[in-house]
Structures are given as C-alpha cells and as structure tokens.
Colleague: 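Okay, handing you the structure first.
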Amino acid sequence: MQSRRDFLQKLTASAAALSFTSYAAAAAPSVLRESQPYDGPVLRVAIMGLGGYGSRVAEAMQSSKMAKLVGVISGTPSKIKDWQAKYNIPEKNCYNYDNFDQIKNNADIDAVYVITPNALHRDQVIRVAKAGKHAITEKPMGLNAKECQDMIDACKKANVKLLVGYRLHFEPFTLEVVRMRKDGELGKVNFFQGLSGFKIGDPSQWRLNKQLAGGGSMMDIGIYAINGSRYMLGEDPIWVTAQETKTDPQKFKEGVDETITFQLGFPSGAVASCLSSYNINFLDRFFLSGDKGFAELSPATGYGPLKGRTNKGEINQPVVTHQTVQMDEMAAIILQNKKPVIPVDGEEGMKDLKIIDAIYESIKTGKQIALKL
Ligand code: NDP
C-alpha cells in the first residue's frame, strides 16, 4: 500500500533541499528576484493544524522572504511545544481550537493558514475572518459551493483577504505551459486530460471518513484535475458528466468515492477527460492538446520536481519548493495587492466546489449537468 505522503514524496526529489535562490524568473515577486536581502513588509502567519501538510508548509516557509511563521493553533499541546522550540514561537502566539478567536487581540499575527481536515475549513475560516485576520485555507476550500460562499461572505464582511492553497498556481513548469497556451504556441487547444490518483493506505484515516473529508478521492486528489483543466485550458467549463466505480465498499464507505471518471465541456468547444482515484497508483498526468502542438506534465501535481515535454521537446524550468514560492506570492497578494497569473482567491476555490457538486449530482442522476461558474 502506498500512503498519500509516500506518493507525493516519491514525486519529490527533495525539492526542499534546493535553495530559495534556485527559483527565479517565472513566479517570484519582482522584489525577490533581486540579489540583495529583502527588508520590505513581511506577512506574519499562524498555521492552524500541525499535521503532515502543515509541517511541510512550516518548513518551506523558513526560506520565504515575505512570509514568516509566527504562531500556531493546534489541539495537541505537545506539538505546540515542539513547534515553539523549532520555530522560536512565543507563548503569546499559541492557541487551541477553543480560544483562537482571541487572536483578534494579537497585533503580531496578520494571517492564519488553515491546514485541517476539509470539513473544518468553513467554520475555522469564518472565525479567522471574524477575528480580523486574513485567511489562507487548504484545498478543498469547503465541502460544497454553499460553504465556500459563506466563507467568501464572511471575509468580505470582515474586510480581510481569503486565499486557497493552490501551490501549483505559482509553479514554474505549470506557468510555462499556461504561457505557451496563452501565446498560441499550441494553436487552438481543444483537449485536456487530467489523471489524479493513488492507492490510499490506512482505512481509519480522516480522508476516508465522510464527516471529516466530505467525500473521497474527488475532494482530495480529483480536485487537482478539475483545477488543472481550468488553468490549462484558460476557461471555465459549462457542463459536466461523471461516473463512479467502487470495487471496495468496505474501505470506501457510503459517501466516500473511490474512483470517478468525469468529462467537462468548455465554451470554446474544448473538452476535458479526467480520472480521480484512491485505488489506482501512478496517476499524476496533465495533457493539453492543440492544433499546433501538445504539452504534457507528468508528474503534474506532486511536490516536485515536475517534469514536462511538448511536441518540440523537454520543458526546462527552475525547480522550486512549491510552498516557499506560494507563501512569498501570497504575501505579495495580501500585502501589495499583487495579481497572480492564475488566481487563488475564494471565488477561484468556489468554482472547483461548484464543479464537484455537479460531479456528485451527475453520478446520482446519470445526467449531464449544466454549470454556471
Ligand atoms: P493531517 O491529518 O496530516 O493533519 C491534519 C491536522 O489537523 C492534524 O494533525 C490536527 O492538527 C488537525 N486537526 C484538527 N481537528 C482534527 C480532526 N478532527 N481530525 C484530524 N486532524 C484534526 O492532514 P494533512 O495535513 O495531510 O491535510 C490537511 C489539509 O491540507 C487537508 O484539507 C488537505 O486536503 C490539505 N492538503 C493539501 C496539500 C497540498 O498540496 N495543497 C497536500 C496535503 C494536504 P493538531 O494536532 O495540530 O490540531
């Protein structure tokens, strides 16, 4: 069996070991491309949920220039102690899930990055907004479009920014394929294929618990193919059809999807054919076809290095630590109103959940579902 972490890690030839300076042009805020030390404004971040991915983000943020880890919110006191020691976090910046509303009185924290199980994102983001702090939340943004709308409304009301942790939106191989498509190098693009999946391990983990995960593979990994279809093709779909296959109902209980195939139709006439699975290994491939050429990323969504080729040959781009770049870019979005090439705001996150809602509806009804994003 392969755990999700094993899967992503196998795709990672230790990008974390590469220095911050190894990434340059494509994604970095212009200020960070300069060689001199950065002494501008820094986004002071508290991480909520000190689990597997929270730990990865914390580690990567050590190399960020515009974002700094200054606080934690956790239900596990021993982890708080460990993180305090490791990252030099003062006691006054440590919270639990009961008292973190008090963060509103803490002038030393600007933003909270919510990295907890999917079903908790909505309420936690709303509490962060009410405390007057900017919110970054992991994918999936919420369990459905309605939850996402609630989160967007709360952040608007509180006048704080809401971003979704789509690290690939700042990743150089990804941005290079988007550039090629935008510059017409592939001609008129009319097909995208997105394959996203791995064999999930431990049946008792929250990812296989409908209450905490909100679904199965689609919420966790299929969302990459959905999101990828939109940024690769550069448009939003207008219809979706979907089919579910379940071979192990013991492990993948009611409401926890094992494997889903789905198809998306776009206004230009382009179509996407995608697969999301918790029971098939080695699925991490995006393929974009146009009438003048193709581009392929495989792996397309792991922690890196990503690998790509086109009809003209290999794609060469700097290898970066995704979360280091992501946090610098998100700091620039929050502090300097920077506009990213591919958006990461709440509306962007909600589009993917609107598509997921429609995928589940299509499976239930057997019908093609019209989409209005
Ligand atoms: P983990 O299980 O490793 O960590 C989740 C953490 O959330 C726990 O360690 C715990 O931290 C906290 N938590 C709070 N309430 C609960 C609860 N009821 N059950 C379990 N944990 C709880 O999960 P991941 O870090 O892998 O995933 C967290 C989020 O990040 C998910 O939404 C996932 O989709 C997303 N993610 C995104 C990735 C990306 O590449 N963008 C990659 C991996 C995950 P504590 O003890 O501190 O309270």
Side-chain angles (χ1 to χ4, degrees), residues 3-9 11-12 15-16 46-60 69 71-84 86-87 89 94-100 112-125 127 135-143 147-148 151 163-171 174 196 198 200-202 204-224 226-228 276 278 284 299-304 306 321-327 330 344 349 352-353 356:
S3 73
R4 186 177 195 284
R5 189 175 303 172
D6 288 343
F7 167 76
L8 288 166
Q9 236 136 27
L11 302 173
T12 307
I47 289 185
M48 182 185 300
L50 314 182
Y53 195 60
S55 303
R56 182 176 287 273
V57 171
E59 205 56 51
L69 175 66
V72 290
I73 299 144
S74 169
T76 313
S78 60
K79 287 190 202 167
I80 295 183
K81 285 267 159 298
D82 291 348
W83 280 51
Q84 278 192 268
K86 187 165 182 193
Y87 298 115
I89 294 170
C94 298
Y95 298 87
N96 60 42
Y97 299 113
D98 294 327
N99 69 13
F100 78 80
V112 176
Y113 193 163
V114 174
I115 316 185
T116 55
N118 311 340
L120 309 179
H121 296 176
R122 175 195 176 274
D123 289 1
Q124 289 170 340
V125 162
R127 284 172 67 188
I136 304 171
T137 182
E138 255 318 313
K139 44 61 51 179
M141 178 179 165
L143 297 188
E147 284 202 359
C148 298
M151 296 157 86
L163 308 181
V164 184
Y166 287 130
R167 62 187 157 80
L168 295 163
H169 292 203
F170 309 106
E171 194 286 320
T174 305
S196 300
F198 64 102
I200 196 162
D202 179 12
S204 68
Q205 63 186 289
W206 68 259
R207 281 188 166 81
L208 296 174
N209 172 342
K210 160 92 174 149
Q211 293 308 318
L212 283 169
S217 73
M218 182 57 68
M219 286 288 176
D220 188 33
I221 194 96
I223 192 168
Y224 284 100
I226 294 173
N227 193 245
S276 162
Y278 262 165
D284 188 12
T301 68
Y303 296 139
L306 303 191
T321 301
H322 298 181
Q323 298 81 3
T324 303
V325 183
Q326 174 200 330
M327 292 312 298
M330 288 191 162
V344 285
D352 291 335
L353 269 300
I356 291 180

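Starting from 1, each residue takes its place in the sequence as its number. These values consider heavy atoms only, across backbone and side chains, with no hydrogens, waters or symmetry-generated copies. The model shown is predicted, which means the values in this text are computed figures rather than measured ones. Note that ligands are numbered from 1 as they come in the structure, with each ligand's atoms numbered from 1 the same way.
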Colleague: Any side-chain heavy-atom pair from F100 and V112 closer than 4.5 angstrom?
Modeller: no

Colleague: Below 4.0 angstrom from a heavy atom of Y303, which ligand 1 atoms are there? Numbered from 1 as shown, please.
Modeller: 40 (O), 42 (C), 43 (C)

Colleague: Does Y224 have a heavy atom less than 4.0 Å from any atom of ligand 1?
Modeller: yes

Colleague: Taking the side chain as everything from C-beta on, heavy atoms only, tell me whether Y278 gets closer than 4.5 Å to L208.
Modeller: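 Contact flag for Y278/L208 side chains = yes.
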
Colleague: Nearest 0.5 Å, please: how far is CZ in R207 from CG in L212?
Modeller: 11.0 Å

Colleague: Between G52 and ligand 1, does any nitrogen or oxygen pair lie at a separation below 3.5 Å?
Modeller: yes

Colleague: Got M48 and Y95 here, is their nearest side-chain heavy-atom distance under 4.5 Å?
Modeller: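 No, their side chains stay 4.5 Å or more apart.
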
Colleague: Between Y97 and ligand 1, which residue portion shows a heavy-atom distance shorter than 4.0 Å: side chain, backbone, both, or neither?
Modeller: side chain

Colleague: Is the shortest side-chain heavy-atom distance between M219 and L353 below 4.5 Å?
Modeller: yes

Colleague: Just checking, is any N or O donor in the side chain of E59 or Y87 under 3.5 Å from an acceptor N or O on the other one?
Modeller: yes

Colleague: Regarding ligand 1, does L50 bring an N or O atom to under 3.5 Å of one of the ligand's N or O atoms?
Modeller: yes

Colleague: Of the listed options (K79, M48, R56, R167), which comes nearest to atom 9 (O) of ligand 1 when hydrogens are ignored and any heavy atom counts?
Modeller: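 When every heavy atom of K79, M48, R56, R167 is considered, K79 comes closest to atom 9 (O) of ligand 1.
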
Colleague: Between Y113 and E138, do the side chains contain an N or O donor and an N or O acceptor separated by less than 3.5 Å?
Modeller: yes

Colleague: Check for me whether H322 has a heavy atom closer than 4.0 Å to any atom of ligand 1.
Modeller: no

Colleague: For ligand 1, which atoms have a heavy atom of L120 less than 4.0 angstrom away?
Modeller: 14 (C), 15 (N), 16 (C)

Colleague: Of all residues at least two apart in sequence or in a different chain, which pass the side-chain hydrogen bond (donor to acceptor under 3.5 Å, both in side chains) check with D202?
Modeller: S204

Colleague: Taking 4.0 angstrom as the limit and counting only heavy atoms of S74, give me the atoms of ligand 1 inside it, by number and element.
Modeller: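 Reading through ligand 1 atom by atom, the close ones are 45 (P), 46 (O), 47 (O), 48 (O).
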
Colleague: Within a strict 4.5 Å, meaning less than it, do heavy atoms of the I223 and I356 side chains meet?
Modeller: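 Contact flag for I223/I356 side chains = yes.
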
Colleague: Could you list which atoms of ligand 1 come closer than 4.0 Å to a heavy atom of G165?
Modeller: 41 (N)

Colleague: Which of the numbered atoms in ligand 1 are below 4.0 angstrom from a heavy atom of R207?
Modeller: 24 (P), 26 (O), 27 (O), 33 (C), 43 (C), 44 (C)

Colleague: Considering only heavy atoms, which of A119, P117, P77, G49 lies nearest to atom 13 (N) of ligand 1?
Modeller: P117

Colleague: Within the 4.0 Å heavy-atom shell around T76, which atoms of ligand 1 are there?
Modeller: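 By the 4.0 Å cutoff, the relevant atoms are 45 (P), 46 (O).
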
Colleague: What are the two closest non-hydrogen atoms of Q323 and V57, and how far apart are they?
Modeller: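 Residues Q323 and V57, closest heavy atoms: CG-CG2, 4.1 Å.
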
Colleague: Is the closest N or O pair between G75 and ligand 1 shorter than 3.5 Å?
Modeller: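 Checking ligand 1 against G75, an N or O pair does fall under 3.5 Å apart.
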
Colleague: Taking 4.0 Å as the limit for heavy-atom contacts, which would you say applies to W206 with ligand 1: side chain only, backbone only, both, or neither?
Modeller: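 It is the side chain that gets close, since no backbone atom is under 4.0 Å.
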
Colleague: Going by heavy atoms, is H121 under 4.0 Å from ligand 1?
Modeller: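 The answer is yes, since H121 has a heavy atom less than 4.0 Å from ligand 1.
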
